[in-house]
Amino acid sequence: MSDLPHVTILGAGVIGLATAATLLGRGHAVTVIDRGEPGGATSRGNASGIAWTDVAPLASPGIWRKAPGWLFDPLGPLSLRPSYAISVLPWMLRFVAASRPASWRRSISAIAALNAAAVPAWERLWSETGSGGRVRREGCLDVFDKPREIAAARAGWQLQRDHGIEVHELSGDAMREMEPDLGPGVAGGAFIPGWMHLDDPHGMCLDLAAHVRARGGTIEAGEAVHVGRSGDGTVLRLRDGPVRKTEQLVIACGAWSRRFATALGEDVPLDTERGYNITVPEPGVSFRRFVMLAGYGFVLSPIGPGLRIGGAVEFAGLDAAPNWKRVDALVTRAKRVVPGLNTERGERWMGFRPSLPDSLPVISPSRTTPGVTYAFGHAHHGLTQAAVTGDLVADLIAGRAPAIDLSPYAIDRF
């Protein structure tokens, strides 16, 4: 029997499942607890990108010249429900601080460090779980229909090149040669060959869950309602269940993680960027590559179930009803770029990206409670950074020095 501690993980999204698989591989006994099915919440509907080539945070110098017009456009790429304005104000103030040039540069370095380790970590996990067949290595097209936006995008492409990422600027005609269903209005953009995506992000979660069970891990249905300190450890209470003491606890509940950190005396400015999409089983068009429409704030992702059209950001908290007009707006804009697109029988979806103002996750031991490790707040990079997060959490639990400096992701950095 192993002398390693038993690890309880709150959250069966892609972060929790990748962490569970990694810990099992290192000899730990693992129990994963979630109120829903594995990968059934935010991880179910993400755009499927392994976006390791993205190094720029959302908070950046000059963004506030654009943001006011976005925030109060209810169907724009970045919107704010007026009823949520007061609640999100502390987050927004920290977002402003994170937009300062020095803070922006620190965030870029921290994102780049995680993303540089993301693919090697996934390659290991794909090999161990036998799920590498889900990976599509076709690259990504960064598409624009306005020449002025191409000019503005060049600084971002150069930032990627500065971090060793291959980026090729292309004309509109060259893009249509690669993806013939792009319309005549496409003016140009760039090809990022290193980008990857999955055929089905929910399917990947199910693969990880099957691997966890096959290796002897437990995935338990239950709603955690409280965590607290008890002596030198932590107790966990489930709704309609007994209080249990944990040897090691990982909090990986995405946008729902804040209340557990707060219960342990650690306040963290976690909020949610609500994202919308529609997955169309018979779109009438065909794409090999992931297509990013940065000027409109959404993507086209060819996955097994069809073409997924999704993205944008809405600040409205965890409780407000979805605004499905945002999906209609995505479709309208997509048809400007892909005139032959058919969205009949599409399945609409809304999910909660757990986000910190500096676009960095929390990957950190608790500062108040021994035996607690946090792994949440990955925002747009949850799928990308899941496997490397599992590696880093496993290092923290084992008391090993992680491969990268974790101070930028500390729970108490704000």
(request) Apply salt bridge (charged side-chain N to carboxylate O under 4.0 Å, His left out) to Arg26 and Asp395, showing your working. (result) CA-CA 10 Å; Arg26 297 195 188 185; Asp395 287 342; 2.7 Å; yes

(message) Side chains of Arg244 and Leu238, heavy atoms from C-beta outward: is any pair under 4.5 Å?
(response)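 Counting from C-beta outward, Arg244 and Leu238 do come under 4.5 Å.
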
(request) Taking the side chain as every heavy atom from C-beta outward, state whether Pro357 and Phe414 have any atom pair closer than 4.5 Å. (result)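 Yes, close enough: below the 4.5 Å cut-off.
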
Looking only at non-hydrogen atoms, find the nearest pair between [X] and [Y] and report the distance.
X      : Y      : result
Val55  : His163 : CG2-ND1, 4.2 Å
Val337 : Tyr296 : CG2-CE1, 4.0 Å
Ala51  : Asn115 : O-ND2, 3.6 Å
Phe352 : Gly317 : CE2-O, 3.5 Å
Pro57  : Ser107 : CG-CB, 3.8 Å

Do other residues, nucleotides or ligands put more than 12 heavy atoms under 6.0 Å from [X] [atom1]?
X      : atom1 : answer
Lys146 : NZ    : yes
Glu347 : CD    : no
Arg137 : CZ    : yes
Glu344 : CD    : no
Arg413 : CZ    : yes
Ile86  : CD1   : no

Any chance the side chains of [X] and [Y] put a donor and an acceptor closer than 3.5 Å?
X      : Y      : value
Asp328 : Tyr276 : no
Glu273 : His380 : yes
His197 : Arg136 : no
Thr389 : His378 : yes
Arg106 : Ser103 : yes
Ser366 : Glu266 : yes
Asp173 : Ser171 : no
His6   : Thr31  : yes
Arg124 : Thr22  : yes
Ser60  : Ser99  : no

(message) Asp267 vs Arg258, test: salt bridge (charged side-chain N to carboxylate O under 4.0 Å, His left out). Steps then yes/no.
(response) CA-CA 7 Å; Asp267 189 28; Arg258 182 177 183 175; 3.2 Å; yes

(message) For Gly310, is there any backbone N or O sitting under 3.5 Å from a side-chain donor or acceptor partner on Asn277?
(response)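 Answer holds: no.
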
(request) Look at Arg176 together with Asp181 and state whether they make a salt bridge at an N to O cut-off of under 4.0 Å. (result)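 The answer is no: the pair does not qualify as a salt bridge.
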
(message) Strictly below 4.0 Å, N to O, side chains only: are Arg44 and Glu37 in salt-bridge contact?
(response)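 Salt bridge present between Arg44 and Glu37.
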
(message) Ser79 and side chain to side chain donor-acceptor pair (under 3.5 Å): which single residue from Glu314, Arg326, Arg274 fits?
(response)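 It is Arg326, the one option of Glu314, Arg326, Arg274 that forms the side chain to side chain donor-acceptor pair (under 3.5 Å) with Ser79.
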
Taking atom [atom1] of [X] and atom [atom2] of [Y], what is their separation to the nearest 0.5 Å?
X      : Y      : atom1 : atom2 : result
Leu114 : Leu392 : CG    : CG    : 6.5 Å
Leu356 : Leu270 : CG    : CG    : 5.5 Å
Asp200 : Ser301 : CG    : OG    : 10.0 Å
Ile150 : Trp157 : CD1   : CH2   : 6.0 Å
Ser48  : Ile303 : OG    : CD1   : 6.0 Å
Arg345 : Ile278 : CZ    : CD1   : 11.5 Å

(message) Against the six-membered ring of Trp195, is Arg289 placed for a cation-pi contact (under 6.0 Å from the centre, within 45° of the normal)?
(response)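 The answer is no, since Arg289 fails at least one limit relative to Trp195.
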
(request) Verify salt bridge (charged side-chain N to carboxylate O under 4.0 Å, His left out) between Arg336 and Asp145, making sure each step is shown before the conclusion. (result) CA-CA 9 Å; Arg336 295 175 189 170; Asp145 59 358; over 6 Å; no

(request) Using the six-membered ring wherever Trp is involved, compare the ring planes of Trp122 and Trp126 and label them parallel, tilted or perpendicular (cut-offs 30° and 60°). (result)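 If you compare the ring of Trp122 with that of Trp126, the planes turn out parallel.
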
(message) Please report whether the ring centroid of Trp91 lies less than 6.0 Å from that of Phe315.
(response)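 Yes, ring centres under 6.0 Å apart.
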
